[in-house]
2 protein chains.
Amino acid sequence: MGDMSILDHLQKEMSSLSKAELSIAKAILSDVDAAVQMTTADLAKLAKVSDPMISRFCRTLGCKSFPDFKVQLAKSVATLPSFISSAVSPGDDAALYIEKRISANQSALEYIRGRLEPQVIETAVKLLQKSKRIEIFGMGASAAIAQDAQDKLFRFGIPTGAYVDHLMQRMVAAAANEDSTFILFSFTGRTKEMIKIAHIVRESNAKLIAITHPGSPLSKLAHVSITSGDELEDTTIYVPMTVRIIVLTIVDILATGLALAQGNRLDKHLKRITNSVDGTKIE
Amino acid sequence: MGDMSILDHLQKEMSSLSKAELSIAKAILSDVDAAVQMTTADLAKLAKVSDPMISRFCRTLGCKSFPDFKVQLAKSVATLPSFISSAVSPGDDAALYIEKRISANQSALEYIRGRLEPQVIETAVKLLQKSKRIEIFGMGASAAIAQDAQDKLFRFGIPTGAYVDHLMQRMVAAAANEDSTFILFSFTGRTKEMIKIAHIVRESNAKLIAITHPGSPLSKLAHVSITSGDELEDTTIYVPMTVRIIVLTIVDILATGLALAQGNRLDKHLKRITNSVDGTKIE
DNA sequence: TATCACCTGTAATTAAATTACATTATAGTC
DNA sequence: GACTATAATGTAATTTAATTACAGGTGATA
């Protein structure tokens with residue numbers, strides 16, 4: 001079972017459970033917090049099965065015993081994404097909305113944990129690594145992300161620019177060639193201007209990585225498309241919050257991949273960058 | 001005990017434990033992952049105490065029983081910030097560094113869960129709400145954050161500017177008065193230029209909110225200082241990654257607080273903003 | 001010095017979980 | 001449809017784990 005949480009595993013196995021096992025699963029899922037405190041007898045009664053079915057059920061799920069199952073379940077409960085509790089309401093005090101926003105952003109990260117495909121990331125990293133130049137575009141809410149991405153990626157030995165002005169973006173895209181890789185950020189992937197720019201990138205024979213809504217027009221134009229997590233939040237109606245945490249974490253991942261791919265031959269180069277801000281801070 | 005994790009509670013009680021209780025505590029802390037799988041007999045042997053001491057110890061900590069203690073402990077383990085496992089190594093493949101980066105950012109958010117003080121956030125929100133104008137400054141890695149914060153805060157009926165050029169920042173700070181609130185982002189709080197700008201803000205009688213390292217020179221100049229989470233990551237040596245996720249979540253929290261404080265009287269205003277980008281997207 | 005409160009271990013008991021055995025249900029084959 | 005084999009499930013028995021009861025030891029206080 002590896003690192004998969006017992007709750008995820010349980011939900012994945014629902015369709016292959018026997019009648020009694022399904023009763024037990026439903027009883028557990030009806031109140032997970034209560035389940036971690038139950039005896040085999042309690043749970044068996046709730047699920048209307050015999051006591052030994054509980055042990056057997058745990059073994060079916062790959063646990064050593066019911067106590068082991070309860071411990072795994074407790075771990076799952078503690079890391080459970082709670083989308084419901086994240087909705088902020090008018091009467092919320094600061095303690096509550098702090099809690100909700102933190103939980104929302106943690107949950108958003110949990111959401112992409114199983115959705116980012118390693119080979120897609122690797123492909124993107126290889127494109128970046130082979131490039132003579134990296135150009136990063138964003139607009140609106142994605143503008144700050146483009147600039148943050150530049151701040152991360154410029155360090156790895158490949159000249160890296162970021163543009164947020166759509167006219168400059170068009171012109172830079174038109175001036176590019178096959179030596180460049182472009183990273184385009186668009187939560188929805190349906191911004192007309194960004195799609196137009198993507199066409200220009202493609203016409204320049206440059207490579208295109210899009211961090212965007214899966215299946216969107218922009219994603220279809222990209223050589224590599226990586227989810228923006230836009231399914232989580234309607235960014236055309238609400239102020240985009242959790243989505244940008246997802247996208248910035250994707251930036252972290254790409255930067256990490258590129259740093260690893262470049263190995264330690266850039267150590268001096270990185271040191272020089274760090275040193276360039278020497279003297280700007282109070283000791 | 002409320003919401004405090006059993007691990008936190010245990011560590012807080014260490015100095016008031018008896019000799020045997022202390023042995024048990026140490027045995028648990030020596031390998032928490034193993035402890036959740038132990039029987040009373042296993043743990044008693046490891047701690048060199050009698051079996052019943054285990055039950056008594058759990059009761060001393062406020063748990064109902066040893067099984068209850070083990071469940072609580074499992075929950076603590078699951079939410080424990082794991083700084084070690086987040087360290088990326090040269091041999092890491094994409095699946096692993098994706099996992100590590102996601103976990104690192106989740107842990108970073110967990111880190112601030114108990115460190116953000118609701119009344120400090122409320123004070124900041126009140127300052128923002130009472131302002132005639134909000135100005136947001138960042139530079140270097142914080143520049144993108146400043147622009148992101150503008151994208152969030154400008155919507156709530158208070159004119160909001162963001163500047164990343166330090167000369168413009170000086171001038172805007174000097175031109176301000178008591179009607180303005182400034183938000184300054186600096187991870188370390190030791191950037192000389194930003195501290196100079198903070199002085200200028202104070203001289204203009206404007207209010208100053210700093211998102212920065214606790215106890216730093218900048219934090220001392222602020223009317224309200226909120227942690228940047230800078231303790232987590234040496235941002236002067238490493239590329240700042242988790243720290244900006246923390247800071248952006250703080251932006252979310254402030255934006256949420258301001259939105260709630262403004263109530264629903266801005267609904268039309270918000271609608272007008274959303275409508276302003278109509279027609280820019282493919283349907 | 002005596003008393004009291006607290007700590008702790010051994011022994012006994014209870015509770016919880018698992019195994020063994022028997023019965024029932026289901027699926028496949030003729 | 002009848003029969004057989006296998007899987008699922010319950011009852012009863014057994015084992016394991018946890019807790020309670022009782023007794024003894026230690027340290028502090030009057």
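Just so it is clear: chains get the letters A, B, ... in the order the sequence lines come, proteins before strands, and each one is counted from 1. All figures in this text were calculated on a predicted structure; none of them were measured in a lab.
- Rounding to the nearest 0.5 Å gives a distance of 10.5 Å between CE of B/Met38 and CG of B/Leu73.
- Whole-Å rounding puts the A/Phe66 CZ to D/dA17 C1' distance at 14 Å.
- Counting only distance, with no hydrogens or angles, the side chain of B/Ser142 and the backbone of B/Ile145 share no donor-acceptor pair below 3.5 Å.
- One can place NZ of A/Lys64 at 15 Å from P of C/dA17, the figure rounded to the nearest angstrom.
- Proximity note for B/Thr40 (side chain, C-beta onward) versus C/dA17, D/dA17, C/dT19: the nearest is D/dA17.
- Going from atom CE of A/Met38 over to atom P of C/dA15 covers 19 Å, rounded to whole Å.
- Between the CD atom of B/Gln37 and the P atom of C/dA17 there is a distance of 14 Å, given to the nearest Å.
- Panel note: side chain A/Thr242, backbone A/Asn105; no donor-acceptor pair is recorded below 3.5 Å.
- What separates CZ of B/Arg59 from P of C/dT8 is a distance of 17 Å, to the nearest Å.
- D/dT16 atom C1' lies 11 Å from atom CG of B/Asp42, rounded to whole Å.
- We find that A/Lys100 and A/Asp92 are joined by a salt bridge, their nearest charged nitrogen and carboxylate oxygen being less than 4.0 Å apart.
- Phosphate contact (OP1/OP2 of C/dT26, side-chain N/O of A/Lys19, threshold under 4.0 Å): absent.
- In plain terms, the two heavy atoms of B/Pro118 and A/Ala94 that are nearest each other are O-CB, 3.5 Å.
- A salt bridge links A/Arg244 to B/Asp148: one of the charged nitrogens lies within less than 4.0 Å of a carboxylate oxygen.
- Checking side-chain atoms of A/Glu21 against main-chain N and O of A/Phe57 turns up no donor-acceptor pair under 3.5 Å.
- Annotation: cation-pi pair A/Arg115/A/Tyr111 present, NZ/CZ under 6.0 Å from the ring centroid and within 45° of its normal.
- The backbone N or O of B/Lys64 sits less than 3.5 Å from a side-chain atom of B/Arg59, completing a donor-acceptor pair.
- Residues from residues 46-53 of chain A with heavy atoms under 4.0 angstrom of DNA chain D, sorted by number: A/Val49, A/Ser50, A/Pro52, A/Met53.
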Would you tabulate the nitrogen or oxygen pairs shorter than 3.5 Å linking the protein to nucleotides 22-24 of chain D?
none

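- What separates CG of B/Leu17 from P of C/dT8 is a distance of 10 Å, to the nearest Å.
- Closest to the side chain of B/Ala20, from the set C/dA17, D/dA18, C/dT8, is C/dT8.
- A close approach under 4.0 Å does occur between a side-chain nitrogen or oxygen of A/Ser18 and OP1 or OP2 of D/dT9.
- Computed from coordinates, the A/Phe57 CZ to C/dA16 P distance equals 20 Å when rounded to whole Å.
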